[in-house]
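The block underneath contains the structure these notes are about, expressed in structure tokens.
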Amino acid sequence: MNKQDFTRVGDYIWEIPVSYRADMNVPARLYASEKLLESALEDQSVEQLVNTATLPGLVQYALAMPDIHQGYGFPIGGVVASRTKGGVISPGGVGYDINCGVRVLAGHLLFDEAEPLLSVLATRLYQNCPSGVGKGGSRLKISESQFDKLLHEGSSWAQANGYALPEDVARTEEQGQLRRSDSACVSKRAWDRGITQVGTLGAGNHFIEVDVIEEIFDAEAARVMGLQEGAIAVQIHCGSRGFGHQICTDYVRAFQNAIYKYGIDLPDRQLICAPFDSEEGQDYFKAMNAAANYAFVNRQVLAHYVRESFEQALSGKVDDWHLHQVYDIAHNMAKVETHHVSGEQVEAVVHRKGATRAFGPGFEGLPQEYRPIGQPVLVPGSMGTASWILVGTEASMEQTFGSSCHGAGRTMSRSRAKKTIRGDQLRHELEETGINVRAGSMPGLAEEAPQAYKDVDEVVKVVSSTGIARKVARLVPVAVIKG
Amino acid sequence: MTEYWEEVEHTADWALRVWGRDLRALFEHAAWGMLSLIGGIAENDREIIRESYKLSAQDNETLLIDWLTELLYLVEDRHALFTSVRVEMVENCVLHAAVTAQTSKNFTKHIKAVTYHDLAIKKIPDGYEVTIVFDV
């Protein structure tokens, strides 16, 4: 596959027509600069995008965002919408880490006032927010009945149990609860893994990061979100832990027979799927929603620990350490949504795998104060580089099923990163630039090195130039906590 | 055949290419290859985990995923640091195996899952080969 296989339909939009391959049901579209397109052609990600275009019941296009990179089955950065009637749901189109996502908190504390205390704060965060491989040392002891409630109620459970403020729940995608969840569709193995991991960060590319809001691009949107130039913000990036991983593993296995039962031909086994309105499809959907609710609670409990850490490290030493929630978004999910396509209202299962919902102004699911500006879109960069806060637009509703990018996207394999970057040197280099680092694994840190990722500014340039998201603020890190 | 496995480049995840002179060896080498990614340091020298497995699946690729997923579960749930992994038999998509392990609180890597991506067990002149992609 090469650049000549694409038709350029916009400055940053590249299309592969259905004629490219006989099994494609819709065209494939990639949002990318030339540089990002060339990077995408270096691995299998574009071929994976074409593979997703072969799924049954697709609407309009198979899409990929500019942070595209090779995944398994779907590319990371992939977005497909499959009709609820006649279409499919694919666990591979969501990923093993169901509702992996990002939460941003912000406050009035200025960096200049916080700087002398950042090292102590970083240590507190590392101590208070359980991280690492395995059970991860959850601080909660949850009964079976409470866990069942948590899986159904999501963030509301967290609020009822003292881990969330009402405004936290309001400023979470779907108010932190997907209602069509059913713990009966979850295996015992998933249950056992999940009940001991609530409120833990995990490892890998999950992190908690303390940032400074470096620049504001949209003063009104920033005001509404409570973002202040020079002030501190916090990002939490994690998902549904072993609970979600097991659910995806269970259903990828269960769907191996479904494709024969329903006569679905696939170019890649990891694209495994079942008709959305089949028993199998509905069981996965309900289990996936339970995992999504779990992940919302997970980030909420971690947010509680972040506030706890700020209080312990900063109370009495700074004017105002308090943090409010900006928003919490998912970037691995399948949601039932209605979109206006070619003059008709279409209900579809929108799969976003390493992609973010980016609904525009007026959407009723947003808290009242956000409806004039659009849904916040949170884009963490790689460790040591910038992150972005954007808002969704009407253009994203028209072009990408209300979707945008989710991060920087990898460009270097983990094995190469581990062989060419030393974690201890990286930590030293980051600390020399003023970034406090607390990490449980130096090889793990090396894998997440900035040079292993695409340029997030380039990724954001594409989404803002195409109009599918609008810049609000750019953040830079001052402390990173990793498992 | 002098190597059991090698790491393969994959942008976002980890991948291993594994070899074995027969399916039994392939499954055993796949286990050790995956465990070599996870790492770990023993808390003490007591082997306190002992498990045996009899698994079956509709095909050998699914059986391989089931087998490796069982080991991942032991790592996560009981912090298992394996000292012995013996695959006794792989025939007609049925596996018998037994493992012993110490415990560890310090693992190098967290593997979320074993994926089906490009997963195909191939017969080669010296035995069998498979490439496995792990979600990390």
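Each of A/Asp67, A/Thr356, A/Asn332 was scored for a side-chain hydrogen bond (donor to acceptor under 3.5 Å, both in side chains) with A/His406, with one residue passing: A/Asp67. Here the options are B/Trp5, B/Tyr4, B/Tyr128, the test is side chain to side chain contact (heavy atoms under 4.5 Å, CB included), and the partner is B/Val18; only B/Trp5 passes.
Your options are B/Leu72, B/Val133, B/Thr62, and the one with the most heavy-atom pairs under 4.5 Å with chain A is B/Thr62. When each of B/Val114, B/Asp59, B/Val8, B/Asp118 is checked for heavy-atom pairs under 4.5 Å with chain A, B/Asp59 comes out on top.
Contacts of residues 89-104 of chain B with chain A at a heavy-atom distance below 4.5 Å are absent; not one residue qualifies.
Here the CD atom belonging to A/Gln246 is positioned 13.5 Å from the CZ atom belonging to A/Arg241, to the nearest 0.5 angstrom.
Under the 6.0 Å distance and 45° angle rule, A/Arg189 counts as a cation-pi partner of B/Tyr73.
Of the charged side-chain nitrogens involved, none lies within less than 4.0 Å of a carboxylate oxygen, so that B/Arg21 and B/Asp126 do not count as a salt-bridged pair. A salt bridge does not link B/Lys123 to B/Asp22: none of the charged nitrogens lies less than 4.0 Å from a carboxylate oxygen.
Proximity of a side-chain donor or acceptor of A/Gln270 to a complementary backbone N or O of A/Tyr72 within less than 3.5 Å is not detected.
Within the 4.5 angstrom heavy-atom criterion, no atom of B/Ala120 approaches chain A.
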